[in-house]
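Below: one structure, written as structure tokens.
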Amino acid sequence: MLQVVKKYMTYINRPIIIIYVIFFLYFVVEESLGIVVPLFFDERNISIVLYGILLSFTKMARAIVVIPISLKPVESKMKCLKITLFFDMIVFVVLIYTKSPIVTFIGFSILFITTSIINVILNPLLGTKADKNHIGIIFGIRDAFLYAGCFLGLLIIGIIKTMSTNTNLVWIFYSCIFVLVLFSVCSLEKEIVDKEECCLRKSNKQEDKVTIKGTSKELIFFCSILFVLGIGGACVNFVPLVAADVGVKVSNIFYVFSTSTFISSLLSITGGITLDKFNKKLLFQVDIVLLLLLLIMYSSGNSWILTIAIIISGISSVFDNASNIYVFANYSEDEVNCFWGIIGSVNLISFSIGTFLCGMLYEINFKFVFLFGILLNIVGLTMSLKLKNIEK
């Protein structure tokens, strides 16, 4: 893997390296926070119902927030990102001292909402800074840094929790990490924002608007496909529950999913190379077909088939970035910058709707959940046939 990374280092510039570092540091906190927060609610005897409300509220808020941010110029986005990180650090400091459930709820809301802000700023920036012919490997290496951050964060928090049950130590650790993230963002800002770029952007502002206006319908159509796929894809969130229903031990469920995640981390760079070599539209469609096959296996009701499907989902992760790479390969930098927030909102909203609908279907019969997902993915696959394709 290291040899592969060295081979592509010529396509990785300083801004991209800094973005990798930011993703690594940020996900040291992000992944473990998703476990720390519900445990925090339980330790403080705060109703888990409030945790559910917290997740629903923040997902909808994220869908609203990311759109105006995505429309801002790069220099404004970087300022917004610095302000966001600063407020996150303040939240962690407040959590150290507060015992108020209301203040805690507000603090967690801020932390969860700002997750989308860093993604909507850094992901399109990474794509536009990368060479068009090597976007796949660029995002594959990003995933390697991301998974490494997730692993390290969970490991350190596990050690902290073993040493002490005091959650304040976790908030202090998170605060220190965010200081490093903020420092990295400031370094990135110096690399990508200068007076010449600002002047060039202003001089081409009118021309850029015309270009975006003339081609945005195609990108909106792509967003409609993601909306359909997002609703149908939400059914995979019920796989752990179904696994328990068909007789898989709870401990084994964790082992199987951890195995799948480990496979995903190993294949992240391989997936990036694959996405660079082949037609982006075709790979996007292959990703949909693979999910269809997995949903069919999930709906079998057989514990062995379900277990194998979960492991295979780790292998199929080589196409996880197919939709992102398709966008960067087929649309201009200005379109990507303007529509990335909309794409993020579409994913969040469709996920919320899909989870709600699948939850109702699950109460009837778990097979209906996956049949619903299969139907919508077939619709999305059919719609994708009309997507633009600039690659020959």
Side-chain angles (χ1 to χ4, degrees), residues 1 27 31-32 34-35 38-39 55 140 143-144 146-148 150-155 157-158 229-272 274-275 283-323 347 350-351 354-378 380-381:
M1 183 178 294
F27 276 88
E31 184 70 12
S32 58
I35 298 177
L39 292 178
L55 293 180
D143 287 349
L146 187 152
Y147 283 124
C150 294
F151 172 78
L152 182 62
L154 290 171
L155 177 64
I157 295 302
L229 295 175
I231 296 176
C235 63
V236 298
N237 295 284
F238 291 82
V239 172
L241 293 175
V242 174
D245 288 342
V246 298
V248 181
K249 293 182 179 180
V250 174
S251 58
N252 289 339
I253 292 175
F254 282 100
Y255 293 145
V256 172
F257 272 98
S258 62
T259 301
S260 178
T261 302
F262 180 71
I263 293 173
S264 297
S265 63
L266 291 179
L267 296 178
S268 58
I269 295 179
T270 302
T274 303
L275 291 172
L283 291 176
F284 175 60
Q285 293 169 333
V286 169
D287 187 37
I288 301 174
V289 172
L290 287 175
L291 179 57
L292 278 170
L293 295 176
L294 289 174
L295 294 180
I296 293 173
M297 295 178 72
Y298 291 149
S299 65
S300 67
N302 182 284
S303 60
W304 284 103
I305 295 178
L306 186 67
T307 300
I308 293 172
I310 295 172
I311 295 175
I312 292 176
S313 68
I315 301 174
S316 67
S317 67
V318 295
F319 300 107
D320 278 353
N321 285 315
S323 60
N347 288 332
S350 62
F351 175 84
T355 302
F356 174 74
L357 295 176
C358 288
M360 292 192 297
L361 291 173
Y362 182 83
E363 293 297 325
I364 302 173
N365 189 311
F366 76 82
K367 291 190 176 182
F368 289 168
V369 174
F370 300 113
L371 291 175
F372 175 68
I374 291 171
L375 175 62
L376 288 184
N377 274 272
I378 291 175
L381 179 62

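Reckoned from all heavy atoms, side chains included, excluding hydrogens, waters and symmetry mates.
In this structure, OG in Ser299 is found 9.0 Å from CD1 in Ile305, a value given to the nearest 0.5 Å. For the atom pair Ile311 CD1 and Leu294 CG, the distance stands at 12.0 Å (nearest 0.5 Å). Atoms CD1 and CE, on Ile308 and Met297 in that order, are 6.0 Å from each other to the nearest 0.5 Å. Distance check, rounded to the nearest 0.5 Å: OG of Ser323 to CG of Leu275 gives 9.5 Å. Note: Asp287 CG to Phe319 CZ = 7.5 Å, rounded to the nearest 0.5 Å. Rounding to the nearest 0.5 angstrom, the gap separating the CG atom in Leu371 from the CG atom in Asn365 is 8.5 Å.
Under the side chain to side chain contact (heavy atoms under 4.5 Å, CB included) criterion, Ile378 pairs with Leu292, Ile374, Thr382, not counting sequence neighbours. Scanning for side-chain hydrogen bond (donor to acceptor under 3.5 Å, both in side chains) contacts around Asn302 gives an empty result, with sequence neighbours left out. Take Tyr362 and apply the ring-ring contact (aromatic ring centres under 6.0 Å, His included) test, not counting sequence neighbours, and it matches Phe238. In terms of the side-chain hydrogen bond (donor to acceptor under 3.5 Å, both in side chains) criterion, residue partners of Asp143 (sequence neighbours excluded) are, by chain and number, Asn321. When the side chain to side chain contact (heavy atoms under 4.5 Å, CB included) test is applied to Leu229, the partners found at least two apart in sequence or on another chain are Ile225, Phe284, Ile288, Asn377. Applying the side chain to side chain contact (heavy atoms under 4.5 Å, CB included) criterion to Leu375, with sequence neighbours excluded, gives no partner residue.
Side-chain contact check for Phe366 versus Val246: some heavy-atom pair is nearer than 4.5 Å. Within the 4.5 Å cutoff, the side chain of Phe372 has heavy atoms near those of the Cys358 side chain. At a threshold of 4.5 Å between non-hydrogen side-chain atoms, the residues Ser300 and Phe370 do not count as touching. Proximity of Tyr298 to Ile310: side-chain heavy atoms (C-beta onward) are separated by under 4.5 Å at one or more points. Side-chain contact between Leu295 and Val236 is present, with heavy atoms from C-beta onward closer than 4.5 Å.
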